[in-house]
Peer 1: 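Handing you a structure now.
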Protein chains: 2
Amino acid sequence: MVMKNKGIEEFKTALRTEDLKVTPQRLTVFEEVCSNKEHRDAEDIFIALQNSGKNVSRATVYRTVELLLKYELVTRLDTGDGKWKYEHWLDCSHHDHLICIRCGKIIEFIDEEIEDRQEKICNHYGYKLVRHIHQLFGLCGECQNYNIAS
Amino acid sequence: MVMKNKGIEEFKTALRTEDLKVTPQRLTVFEEVCSNKEHRDAEDIFIALQNSGKNVSRATVYRTVELLLKYELVTRLDTGDGKWKYEHWLDCSHHDHLICIRCGKIIEFIDEEIEDRQEKICNHYGYKLVRHIHQLFGLCGECQNYNIAS
DNA sequence: CATTTAATTGAGAATGAGTCTCGATTAAAA
DNA sequence: TTTTAATCGAGACTCATTCTCAATTAAATG
């Protein structure tokens, strides 16, 4: 069930490049992050590890997820409720998110035209684009009917 | 120095429409938000009020800012450090943000093409767009030179 | 204007995500 | 092996934000 993919090798390489150690805990966290396609926060990941009997401390989960973000093996998503959710990048290409503000449903989208415009905007201001957040908040088809009752 | 503008009337109207009361505290918070064009978090606003001798409790500041967001008299900006900053919308039209990840400098931008594409994406998935977050994180011209030292 | 009633307020306690500390452990270089 | 610095874990800590609840007040009604 464990995924063996190039992601983990890239993680190891990134760690070594920074003179950081490749530890079982770090690998375990990365494995857990990759094993699930849902958008989860650090706490969710910590609990999932506990439930599968893998003891990695909460602090280490937070620390590792931060590394994964830095190495761009993971993206971070602000779901509007003050938490950050993480999502791996394995076989899926880059995408942004459309989030229902009533039921929380998330749709992933990608729009090349927007991607292009972002680059152009950065160039225009002399910035070098590193990452971006682009989230559309709205009401999904079903939740539009509940407008009044909300 | 206090700004009298149509914003405050819209706020009162919105409150009345929801059967909420127009209170001095709510108006004071709105006034403070409008008096400053910087991007500030709720605590900043609370402190600013204290410093000008206006006693509005922290809880009320948070509650009011939440209302302003709901009524779209204010926007909320995730600066990547886990806090939310608020910005009024008075005489300025909608814009998004380009943020330097090293020095924190913020540039405001607007791109009609992106705005259009957002609407189209929402329509495509049957969503009704309510608001969006679009932030580009990168290195500004000056900070690109410090890349190595970071 | 006085009365009534539900919304609002403030002070501080509670929550909770995320960070930090520090002694014990361990990866990995030699 | 030995050595050494990086890492780990447990839980304390931080601090932004939310909640609680008794006292206050806006504003509708008589």
Side-chain angles (χ1 to χ4, degrees), chain A residues 8-9 11-33 39-50 52-71 74 76-87, chain B residues 8-9 11-33 39-50 52-71 74 76-87:
Chain A
I8 210 149
E9 287 311 318
F11 185 31
K12 289 180 182 174
T13 304
L15 288 170
R16 288 180 183 131
T17 303
E18 286 208 281
D19 279 318
L20 299 180
K21 292 180 181 168
V22 174
T23 65
Q25 290 90 339
R26 284 176 174 159
L27 298 180
T28 301
V29 171
F30 184 54
E31 218 165 58
E32 177 58 43
V33 168
H39 301 87
R40 297 184 292 171
D41 60 34
E43 190 70 14
D44 295 331
I45 294 162
F46 172 62
I47 300 287
L49 285 169
Q50 288 207 310
S52 41
K54 292 167 188 156
N55 294 311
V56 179
S57 72
R58 192 192 320 274
T60 298
V61 171
Y62 276 88
R63 287 188 281 230
T64 304
V65 142
E66 200 64 34
L67 284 176
L68 294 174
L69 183 69
K70 183 174 174 191
Y71 301 151
V74 119
R76 190 160 72 176
L77 167 64
D78 165 9
T79 45
D81 59 359
K83 289 188 210 169
W84 283 323
K85 303 225 167 158
Y86 296 89
E87 177 185 15
Chain B
I8 210 149
E9 286 312 318
F11 184 31
K12 289 181 183 172
T13 304
L15 287 170
R16 289 181 182 126
T17 304
E18 286 207 281
D19 280 316
L20 299 181
K21 292 178 182 170
V22 174
T23 65
Q25 291 90 337
R26 284 175 174 160
L27 298 180
T28 302
V29 171
F30 184 56
E31 219 165 59
E32 176 57 43
V33 168
H39 301 88
R40 295 184 293 172
D41 60 34
E43 188 71 14
D44 294 332
I45 294 161
F46 172 63
I47 300 288
L49 285 169
Q50 288 208 309
S52 42
K54 293 166 187 158
N55 294 312
V56 179
S57 70
R58 180 180 278 108
T60 298
V61 172
Y62 276 88
R63 288 188 281 232
T64 304
V65 142
E66 199 65 33
L67 285 175
L68 294 174
L69 184 69
K70 183 175 175 189
Y71 300 151
V74 119
R76 189 160 75 175
L77 168 63
D78 166 10
T79 45
D81 60 358
K83 290 189 208 165
W84 280 324
K85 303 226 164 157
Y86 297 87
E87 176 185 16

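In what follows, chains carry the letters A, B, and so on, assigned in the order in which the sequence lines appear, proteins first and then strands, with residues in each chain numbered from 1. Just so you know, these numbers come straight off a predicted model, no measurement behind them.
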Peer 1: If I compare all heavy atoms of Asp41(B) with all of Trp84(B), which pair ends up nearest, and what's the gap?
Peer 2: CB-O, 3.1 Å
Peer 1: Provide, to the nearest angstrom, the distance between the CG atom belonging to Leu67(A) and the C1' atom belonging to dT7(D).
Peer 2: 11 Å
Peer 1: For side-chain contact (heavy atoms from CB on, under 4.5 Å), just list the numbers for Gln25(A) and Lys54(A), CA-CA rounded to whole Å, side-chain angles, deciding distance to a tenth of an Å, and then say yes or no.
Peer 2: CA-CA 9 Å; Gln25(A) 290 90 339; Lys54(A) 292 167 188 156; over 6 Å; no
Peer 1: Give me the bend of the helix from dC1(C)-dG30(D) to dA30(C)-dT1(D), using the axes of the five pairs at each end, rounded to 10°.
Peer 2: 40°
Peer 1: Rounding to a whole Å, what distance do you find between Asn55(A):CG and dA10(D):P?
Peer 2: 7 Å
Peer 1: Step by step, would you call Phe11(A) with Leu27(A) a side-chain contact (heavy atoms from CB on, under 4.5 Å)?
Peer 2: CA-CA 8 Å; Phe11(A) 185 31; Leu27(A) 298 180; 4.2 Å; yes
Peer 1: Please state how far atom CG in Leu49(A) lies from atom P in dC8(D), giving the value in whole angstrom units.
Peer 2: 13 Å
Peer 1: Drop me the distance from Leu49(B)'s CG to Glu32(B)'s CD, to the nearest 0.5 angstrom.
Peer 2: 4.5 Å
Peer 1: Are Leu15(A) and Thr23(A) side-chain neighbours, meaning at least one heavy-atom pair lies under 4.5 Å?
Peer 2: no
Peer 1: Rounded to the nearest angstrom, tell me the gap between atom CD1 in Ile45(B) and atom P in dT17(D).
Peer 2: 10 Å
Peer 1: Side-chain N or O of Tyr62(B) versus OP1/OP2 of dT18(D): is the shortest distance under 4.0 Å?
Peer 2: no
Peer 1: How close do Phe46(A) and Val56(A) get, counting heavy atoms only, and between which atoms?
Peer 2: CE1-O, 3.2 Å
Peer 1: Looking at every heavy atom in both Ala48(B) and Ser52(B), which two are closest together, and how far apart are they?
Peer 2: O-OG, 2.9 Å
Peer 1: Provide the closest heavy-atom pair for Val74(A) versus Val65(A) in the form atom of the first, atom of the second, distance.
Peer 2: CG1-O, 4.4 Å
Peer 1: Can you tell me the distance, in whole Å, between the CD atom of Glu66(A) and the C1' atom of dT7(D)?
Peer 2: 16 Å
Peer 1: For DNA chain C, whose closest nucleotide is more 5', that of Glu43(A) or that of Ala59(A)?
Peer 2: Glu43(A)
Peer 1: Using a cut-off of strictly less than 4.0 Å, decide whether Arg58(B) has a side-chain nitrogen or oxygen near OP1 or OP2 of dT17(D).
Peer 2: no
Peer 1: Scan nucleotides 23-30 of chain D nucleotide by nucleotide, 5' to 3', and note B when protein non-hydrogen atoms come under 4.0 Å of the base, S if they reach only the sugar-phosphate, - if neither.
Peer 2: --BBS---
Peer 1: How is Arg63(A) classified with respect to the nucleic acid when contacts are heavy atoms under 4.0 Å: base, sugar-phosphate, or nothing?
Peer 2: base
Peer 1: Could you list where the contact with chain A starts and ends along DNA chain C, reading 5' to 3', using a 4.0 Å heavy-atom cut-off?
Peer 2: dA17(C) to dA28(C)
Peer 1: Under 3.5 Å, is there a donor-acceptor pair between the side chain of Arg26(B) and the main chain of Lys21(B)?
Peer 2: yes
Peer 1: Tell me whether Glu66(A) is salt-bridged to Arg63(A), with the criterion being a basic N under 4.0 Å from an acidic carboxylate O.
Peer 2: no
Peer 1: Over all heavy atoms of both residues, which pair between Lys85(B) and His39(B) is shortest? Give the atoms and the distance, please.
Peer 2: CD-O, 3.4 Å
